[in-house]
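In what follows, chains are A, B, ... by sequence order, proteins preceding strands, each numbered from 1.
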Amino acid sequence: MASRFNPKAADARWQKTWDDAQTFAADNAAAKPKSYVLEMFPYPSGRIHMGHVRNYTMGDVLARFKRMTGHEVLHPMGWDAFGMPAENAAMEKKVHPGEWTRANIAAMRDQLKRLGFALDWSRELATCEPDYYGQEQALFLDLFEAGLVYRKESAVNWDPVDMTVLANEQVIDGKGWRSGATVERRKLSQWFLKITDFAEDLLSGLGELDQWPDKVKLMQENWIGKSRGLRFRFKLSQPVTGQTNLQVFTTRPDTIFGASFVAVAADHPLAAAVAENSAEAQRFVAQCQSGGTSAADIESAEKLGFDTGLTVAHPFQPEWELPVYIANFVLMDYGTGAIFGVPAHDQRDMDFARKYDLPVRRVVADGDDSEAEFAGDEAWSGEGTLVNSRFLDGMTIEAAKAAVIERAEEEGWGEGTTEWRLRDWGVSRQRYWGTPIPIIHCEECGPVGVPKDQLPVVLPEDIDFETPGNPLDRHPTWKHVDCPQCGEPARRETDTLDTFVDSSWYFIRFASQPDDAPFDRAEAEAWLPVGQYIGGVEHAILHLLYARFWTRALNRMGMLDVKEPFAGLFTQGMVTHETYQAGDGSWLSPGEVTKDGEDWVAIEGGEPVTPGRVEKMSKSKKNTVDPDPIIDQYGADAVRWFMLSDSPPERDLPWSEAGIEGAWRFVQRLWRLIDGNQPGEGEDKALDRKLHQTIAGVAEDIEDLSFNKAVAKIHELANAIEKADASASRDAAVRILVRLVAPMAPHLAEEGWAQFGEQGLVADAQWPEADPALLVEDEVTIAVQINGKLRDTLSVAKGAGKADLESLALASDKIMRQLDGAEPKKIIVVPDRLVNIVA
RNA sequence: GCGGACGUGGCGGAACUGGUAGACGCUGCAGACUUAAAAUCUGUUUCCCGUAAGGGAGUGCGGGUUCGAUUCCCGCCGUCCGCACCA
């Protein structure tokens with residue numbers, strides 16, 4: 001009688017065994033091919049959620065599989081441990097951010113360990129510890145010396161009550177999310193990293209990332225936003241504050257003869273100059289600046305302008321004057337903050353021209369319509385031929401662009417340029433719980449880097465969160481230091497670094513973590529780039545772009561011979577669960593509702609409940625499932641199995657009770673196969689074939705990260721084994737099955753491995769080898785179709801000749817009946833596949 | 001608005017390069033074992049007609065290419081995601 005697999009006992013036992021043996025510690029000096037498998041490290045919020053479980057399970061399967069296929073695997077784990085929630089907790093619960101964070105890390109580490117991940121815990125790191133952020137400070141100073149760090153005034157969202165800077169997403173309807181105070185735009189001196197220096201390289205580098213999802217590459221491409229165009233100067237009819245020219249940027253220099261106005265942004269210096277002398281202009285500028293910046297605001301915002309009364313001269317015809325407007329739809333921080341409007345070929349300009357009754361001249365002919373007078377309100381921005389444009393007439397858009405740029409450059413009033421949407425990376429945060437920026441401000445010497453032998457600049461522990469504002473700034477002593485250069489009293493920088501800096505190089509520190517340097521070059525290069533990086537698509541742009549930038553910066557400084565940090569990237573889907581909403585709009589957890597006939601009602605009170613959509617698990621929608629009790633009940637392997645089953649990993653995985661129970665049943669079924677295995681005699685060719693096809697198929701699917709398909713293939717094999725009679729083949733299949741499930745259900749596999757008296761650990765075992773001779777069937781099923789419709793199937797030896805297949809097909813009873821004596825018009829035979837009779 | 005992805009049974013999904021649509025799992029239904037339940041096992045589960053043999057329809061909708069289309073092409077519809085007045 002087969003026993004039951006008892007995960008409670010087995011999980012802990014094997015986890016301890018792996019731990020004691022340091023099974024998953026990566027050897028930097030190993031001679032084997034190296035494989036670096038990494039999942040995005042978590043923020044230590046306090047609890048692991050199902051999304052983490054799914055993410056880390058995927059990486060774990062790959063890591064374990066790589067070990068079994070002869071690789072030395074680096075699969076580390078750490079904590080993205082700086083950031084706002086710790087400060088919020090400090091304010092709300094009166095607990096020090098460090099204490100809160102470290103307690104969370106301890107709790108989450110325990111949770112992760114219960115899932116039996118093949119992690120090298122000896123390399124664990126937390127970004128909030130001085131041994132990590134001190135090395136980050138060293139790197140920051142290297143960047144500073146290399147001229148990749150600079151300081152400039154920049155506008156931030158300032159909460160006047162909390163006295164802190166808010167991220168854009170913390171500003172809701174113009175108010176601070178916590179204080180509710182109206183957020184001000186304030187100029188602060190901030191530190192920036194010169195990511196724009198690498199714009200071209202970050203863009204072209206995408207081309208080599210053939211193991212990244214196209215979607216992510218496209219998002220990065222759009223974010224970087226390269227556009228070629230012409231930057232040129234209009235001559236102003238009269239000088240304004242000494243300026244005689246107005247510089248504009250356009251990507252459509254070809255439409256220059258369709259221009260009917262010029263517009264500048266509300267915060268353009270020209271607008272400010274006009275506002276000096278006009279109360280009306282001043283009002284208009286103020287109105288533009290107060291406008292909301294949310295997506296909805298922008299979409300609904302009407303195109304508004306203010307006629308300055310100024311004009312500029314058309315570059316190709318000085319007496320042709322264009323009016324200059326201040327317009328609310330022109331952005332100061334793109335291009336030059338000034339544009340020329342071509343209503344016929346740009347919708348925004350069209351809207352504006354129709355409102356202010358400006359000319360709309362056609363300069364690109366769409367088809368045969370070449371009238372200068374443009375009717376309608378829909379601008380034409382498609383392809384066409386230039387018309388009404390003098391020397392450009394008849395040219396294509398591309399040729400005309402080149403011609404105008406050439407003339408501008410010849411005549412010296414403009415030049416072809418490239419503009420980027422990408423901005424430099426502002427890294428200053430006016431907060432406590434982050435990496436202190438290792439700079440000292442001296443009256444005499446300016447900003448001076450902290451000498452490296454004085455690193456780390458450690459956060460003070462004795463801080464209070466009673467009063468709003470940056471605790472570092474109001475700490476009584478911390479910021480007062482002497483200038484390292486001249487020795488005079490000076491002031492420490494009290495801003496800390498954006499936490500995206502912490503995650504921009506942690507994967508390097510995992511590969512190599514000496515005490516006295518950020519990393520050892522040779523060790524880091526031995527592992528990098530990360531072979532497979534797995535995480536959520538929400539990091540598709542910022543984190544991944546910053547990490548690519550940081551790696552390039554190290555490369556440029558000669559510190560690392562790697563430019564792309566992540567060779568392979570995979571973005572996994574979310575774990576979702578159904579939602580339920582009561583009549584008053586409040587959310588109910590799935591455990592609080594039940595089905596009454598066709599309708600859903602609350603268990604408590606029986607109120608009717610509306611089933612909502614299946615959505616990402618979130619506390620606010622009350623549809624989360626805590627992994628801990630699930631692991632208690634079903635064990636790590638069943639949870640892991642469910643995370644891998646059914647849904648393709650890039651898609652969302654709907655959590656369900658039935659699903660986890662199905663996984664649990666299968667784990668038990670596997671155990672019954674193993675435990676109840678009987679030696680047998682003789683071979684079972686069909687089973688041998690199924691086994692070897694599964695060995696090859698599962699390996700392929702895992703390499704492909706198609707875990708759902710690998711799971712399905714293992715199910716098929718298990719079904720086949722169960723149906724098979726005892727034989728030597730069956731015995732062998734069960735023994736090999738143990739290794740096939742080892743990456744997914746490692747505890748069960750170890751148990752089975754031990755049961756069969758194998759040496760060592762299955763975690764160290766070799767992946768079974770598939771016999772190529774057994775991968776192909778010797779008998780195939782041939783479809784016989786009439787006019788493409790299946791009418792019969794034939795079982796024939798593989799490789800049967802066309803003529804044989806044809807005559808076999810025609811001899812079939814069913815086919816003869818269908819044809820009813822009619823002569824086939826044509827017969828198509830695809831060997832080993834089908835015969836299609838055209839009647 | 002721009003860009004992208006997706007659309008297959010009651011559900012999650014599978015299907016190689018254009019070649020038997022629905023693998024595998026979940027759910028449901030019927031049955032076996034059991035005093036009973038749990039657990040387990042067997043059968044069945046795309047829809048329609050038919051007792052059956054069998055036939056017909058079918059991969060969002062409409063067309064096209066082809067001996068043959070879930071797969072390729074054109075046009076719609078829907079859902080989701082990203083960006084968003086970027087000149």
Selected nucleotide, minimal atom distance to [X] side chain, candidates [options]:
X         : options                   : value
Gln785(A) : rA39(B), rG19(B), rC41(B) : rG19(B)
Arg665(A) : rU40(B), rG13(B), rC67(B) : rU40(B)
Ser227(A) : rA87(B), rU27(B), rG13(B) : rA87(B)
Lys789(A) : rA57(B), rG82(B), rC85(B) : rA57(B)
Met219(A) : rG82(B), rA15(B), rG19(B) : rG82(B)
Asp646(A) : rA21(B), rG25(B), rG13(B) : rG25(B)
Ile541(A) : rA14(B), rG82(B), rU27(B) : rG82(B)
Trp223(A) : rG25(B), rA84(B), rU20(B) : rA84(B)
Asn222(A) : rC16(B), rU27(B), rG3(B)  : rG3(B)
Ser647(A) : rG13(B), rA87(B), rC67(B) : rG13(B)

Euclidean distance, atom [atom1] of residue [X] to atom [atom2] of [N] [Å, nearest integer]:
X         : N       : atom1 : atom2 : result
Lys802(A) : rG19(B) : NZ    : C1'   : 13 Å
Arg421(A) : rA87(B) : CZ    : C1'   : 14 Å
Leu834(A) : rA69(B) : CG    : P     : 12 Å
Ile660(A) : rG12(B) : CD1   : P     : 19 Å
Arg651(A) : rG12(B) : CZ    : C1'   : 9 Å
Glu650(A) : rG13(B) : CD    : P     : 10 Å
Phe642(A) : rG25(B) : CZ    : C1'   : 10 Å

Could you check if the base of rG68(B) is syn or anti? Syn means the glycosidic torsion is within 90 degrees of 0. anti
Roughly how many Å apart are rC11(B) and rG7(B), using the C1' atom of each and rounding to a whole number? 15 Å
Say we look at rC74(B) and rA53(B): how far apart would their C1' atoms be, to the nearest angstrom?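 Roughly 43 Å separates the two C1' atoms.
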Test side-chain contact (heavy atoms from CB on, under 4.5 Å) on Phe570(A) and Gln211(A); report intermediate values, then the result. CA-CA 8 Å; Phe570(A) 188 83; Gln211(A) 294 173 68; over 6 Å; no
Can you tell me how the ring of [X] sits relative to the ring of [Y], calling it parallel under 30°, perpendicular over 60° and tilted otherwise?
X         : Y         : answer
Phe257(A) : His314(A) : parallel
Phe374(A) : His345(A) : perpendicular
His539(A) : His543(A) : perpendicular

How would you label the contact of [X] with the nucleic acid (heavy atoms, under 4.0 Å): base, sugar-phosphate, or nothing?
X         : result
Glu419(A) : nothing
Thr781(A) : base
Asn708(A) : sugar-phosphate
Asp346(A) : nothing
Arg791(A) : sugar-phosphate

Please work out which residues in residues 710-722 of chain A have a non-hydrogen atom less than 4.0 Å from an atom of RNA chain B and list them by number. Ala712(A), His715(A), Glu716(A), Asn719(A)
Strictly below 4.0 Å, heavy-atom distances to any atom of RNA chain B: list the hits from residues 211-218 of chain A, or just say none. Lys215(A), Leu218(A)
Just to confirm, is there a sub-4.0 Å distance from OP1 or OP2 of rC85(B) to any side-chain nitrogen or oxygen of Asn328(A)?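 It does not, given that no N or O in the side chain of Asn328(A) lies less than 4.0 Å from OP1 or OP2 of rC85(B).
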Determine: side-chain N/O of Arg672(A) to OP1/OP2 of rU40(B), distance under 4.0 Å, yes or no.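 The answer is no; no side-chain N or O of Arg672(A) sits under 4.0 Å from OP1 or OP2.
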What residues, two or more places apart in sequence or in another chain, satisfy salt bridge (Lys or Arg N to Asp or Glu O under 4.0 Å) together with Asp333(A)?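 Applying salt bridge (Lys or Arg N to Asp or Glu O under 4.0 Å) to Asp333(A) gives none.
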Test salt bridge (Lys or Arg N to Asp or Glu O under 4.0 Å) applied to Lys798(A) - qualifying residues, sequence neighbours left out: Asp832(A)
Taking every heavy atom of Lys303(A) against every heavy atom of Lys355(A), the minimum-distance pair comes out as O-CD, 3.3 Å
Heavy-atom nearest pair, Ile256(A) first then Pro315(A), reads CD1-CG, 3.9 Å
What residues, two or more places apart in sequence or in another chain, satisfy side chain to side chain contact (heavy atoms under 4.5 Å, CB included) together with Asp346(A)? Arg348(A), Asp349(A)
Between Gly788(A) and Gly662(A), which has a closest nucleotide on RNA chain B that is more 5'?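 Result: Gly662(A).
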Relative to the 5' end of RNA chain B, which residue comes earlier, Ala338(A) or Ile828(A), by the nucleotide with the nearest heavy atom?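 Closest to the 5' end, via its nearest nucleotide, is Ile828(A).
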Would you sort out whether Trp212(A) and Leu544(A) count as a side-chain contact (heavy atoms from CB on, under 4.5 Å), showing the intermediate values? CA-CA 11 Å; Trp212(A) 276 43; Leu544(A) 291 168; 4.1 Å; yes
Sequence neighbours excluded, the answer for side-chain hydrogen bond (donor to acceptor under 3.5 Å, both in side chains) partners of Glu700(A) is none
